[in-house]
Amino acid sequence: MSAESTVVTARHFKYLAARTTPEDDFLRDLKVAAAAAGIPAIWISPEQASLMQILLKLCGVREVIEIGTLAGYSAIAMARALPPNGVVRTIEISGAYADFAEEWIAKSDVAGKIEVLRGQAQQVLPKFTNDWADAVFIDADKANYALYLQQSLRIVRRRGLIMVDNAFAFGRLFDEADPDPAVAQIRAFNDLMAGQPELKSIIVPIGDGCWVGVKM
Ligand code: DHB
Ligand code: MG
């Protein structure tokens with residue numbers, strides 16, 4: 001332990017997780033069904049969902065853009081933190097994942113608050129105008145994270161929130177020999193994010209490392 005910080009160990013993590021609102025049966029069932037449908041088990045953790053919900057509420061977020069829907073877990077979690085007129089617009093490139101997510105969103109408690117946008121985020125994002133979204137959550141192909149950040153900075157309003165998943169590169173951030181290009185892409189992205197003059201940001205060590213930034 002340094003003077004300023006207690007290093008978070010697995011034991012600390014278990015401790016805080018045990019004191020965080022657990023996920024409900026619906027999201028648990030969604031994960032089981034998604035895994036059975038062959039969707040990779042790479043959804044956010046319940047602790048990260050809680051963190052994001054708190055941030056969305058604190059920022060009074062109404063309009064959220066999500067890049068990478070996967071099974072819809074995070075979209076549903078985020079939509080639950082929005083006011084009645086809030087919307088999550090979530091972009092998904094895989095038709096099969098979008099189908100699954102739409103099916104589960106439709107039977108969720110936030111069915112009217114999520115819109116699944118099918119297609120490549122690189123093509124969908126430029127259609128959004130400047131400075132209006134209250135929050136963005138980036139959680140898609142790591143090769144395009146820099147591009148997604150650039151678009152997010154354009155689309156999000158001042159004092160809006162930019163959250164980015166996987167700052168710890170699937171737990172392999174410090175594995176220099178890792179041949180997965182996504183790991184190197186995350187490292188480069190983290191440096192890019194840290195150097196953004198338009199953002200006040202920090203990696204929160206929840207889940208696989210969640211970047212939280214506010215647009216100045
Ligand atoms: C992977 C992607 C993610 O967004 C994630 O949260 C975990 C793993 C992956 O591509 O392996
Ligand atoms: Mg992720």
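Because the structure is a prediction, the values reported are computed rather than measured. Start at 1 and go down the list; that is how both ligands and their atoms are numbered.
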With a distance cut-off below 6.0 Å to the six-membered ring centre and an angular limit of 45° from the axis, does R11 pair with Y15 as a cation-pi contact? no
Among the heavy atoms of D165, does any lie under 4.0 Å from an atom of ligand 1? yes
Between the side chains of Q185 and D180, does any donor sit under 3.5 Å from an acceptor? no
Distance alone, cut at 3.5 Å: any donor-acceptor contact between the side chains of S201 and Q196? no
for atom 1 (C) of ligand 1, nearest protein heavy atom and its distance come out as F170 CE2, 3.3 Å
Considering non-hydrogen atoms of the protein only, which is the closest contact for atom 3 (C) of ligand 1, and what is the distance? N166 OD1, 3.2 Å
To 10°, measure the OD1(D139)-the Mg ion (ligand 2)-OD2(D165) angle for me. 100°
Using atom types as modelled and distance alone, determine if a side-chain donor or acceptor of R80 lies under 3.5 Å from a backbone N or O of V110. no
Assert yes or no for the condition that the ring centre distance of W104 to Y73 is strictly below 6.0 Å. no
Under 4.0 Å from a heavy atom of I42: give me the atoms of ligand 1 that qualify, with their elements. 1 (C), 2 (C), 3 (C), 5 (C), 6 (O), 7 (C), 8 (C)
Using 2.8 Å as a strict upper limit, say whether an N, O or S atom of D208 approaches the Mg ion (ligand 2) that closely. no
